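Report on the structure given below.
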Amino acid sequence: MPLKFCEHCGSILRNQQIDDKRSYLFCDKCQKFELTDAKKDSGMTSNETLKKEKQKGEGVHELTNEFATYTNVCKKCGYDKAQIIDMGIFYSDEDNLILLKCGKCGFSERIGRKTT
């Protein structure tokens, strides 16, 4: 629906329908109005419907992690692939902190040398 502006003040004109054949454009600011022919000016009718746009990106995202290449069975969901995440060391006398993140549910499991 194209917008029309008031010639006097420049405000946007509102479309008001009188009947099937007639309508008028009304300015809220300066109270001026202009009669229009609804059939002639079909772009200004208020019963237009907008087309619904398709959702973009549907079906692109999958729920699996593409970096999950290490074979490990998840304790939570049973998925057989995991991503290895090396967190590095925090102090010089510690081992690296290595996590296995499930490729499906994201459950993280800590692995490494266990001390007794």
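Quick note: numbers below take in every heavy atom, side chains included, and nothing from hydrogens, waters or symmetry partners. Only a predicted model underlies this, so the values are computations on that prediction, with no experimental measurement involved.
The heavy-atom pair separating Cys27 from Ser11 by the smallest distance is SG-CB, 4.0 Å. The shortest heavy-atom contact between Cys9 and Cys6 is N-SG, 3.6 Å. For the pair Gly106 and Lys101, the tightest heavy-atom approach, listed with the atom from each and the gap, is O-CG, 3.8 Å.
Atoms CD and CD, from Glu66 and Gln83 in turn, are 9.5 Å apart once rounded to the nearest 0.5 Å. Rounded to the nearest 0.5 Å, atoms NZ (Lys104) and CG (Asp80) are 10.0 Å apart.
Val73 and Phe107 fall into different hydrophobic clusters, defined by Ile, Leu, Val, Met, Phe, Trp and Tyr side-chain heavy atoms under 4.5 Å apart, directly or through other members.
With contacts defined as side-chain heavy-atom distances shorter than 4.5 Å, the pair Ile84/Ile98 qualifies. Considering only heavy atoms from C-beta on, Cys102 comes within 4.5 Å of Cys77 through its side chain. Residues Phe26 and Gln31 are in side-chain contact: their nearest non-hydrogen atoms beyond the backbone lie under 4.5 Å apart. In this structure, Tyr70 and Leu100 have side chains that are in contact, with non-hydrogen atoms separated by less than 4.5 Å. The closest side-chain heavy-atom distance from Phe5 to Ile12 is below 4.5 Å. In this structure the side chain of Arg110 reaches within 4.5 angstrom of the side chain of Leu97, judged on heavy atoms. The shortest side-chain heavy-atom distance between Arg14 and Asp28 falls under the 4.5 Å cut-off.
Identified under the salt bridge (charged side-chain N to carboxylate O under 4.0 Å, His left out) test for residues 81-91, with sequence neighbours left out: none.
Sparse packing is recorded around CD of Glu7, with 12 or fewer heavy atoms of other residues, nucleotides or ligands lying under 6.0 Å away.
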Check the pair Cys105 / Cys74 against side-chain contact (heavy atoms from CB on, under 4.5 Å), numbers first and verdict last. CA-CA 9 Å; Cys105 70; Cys74 177; 3.8 Å; yes

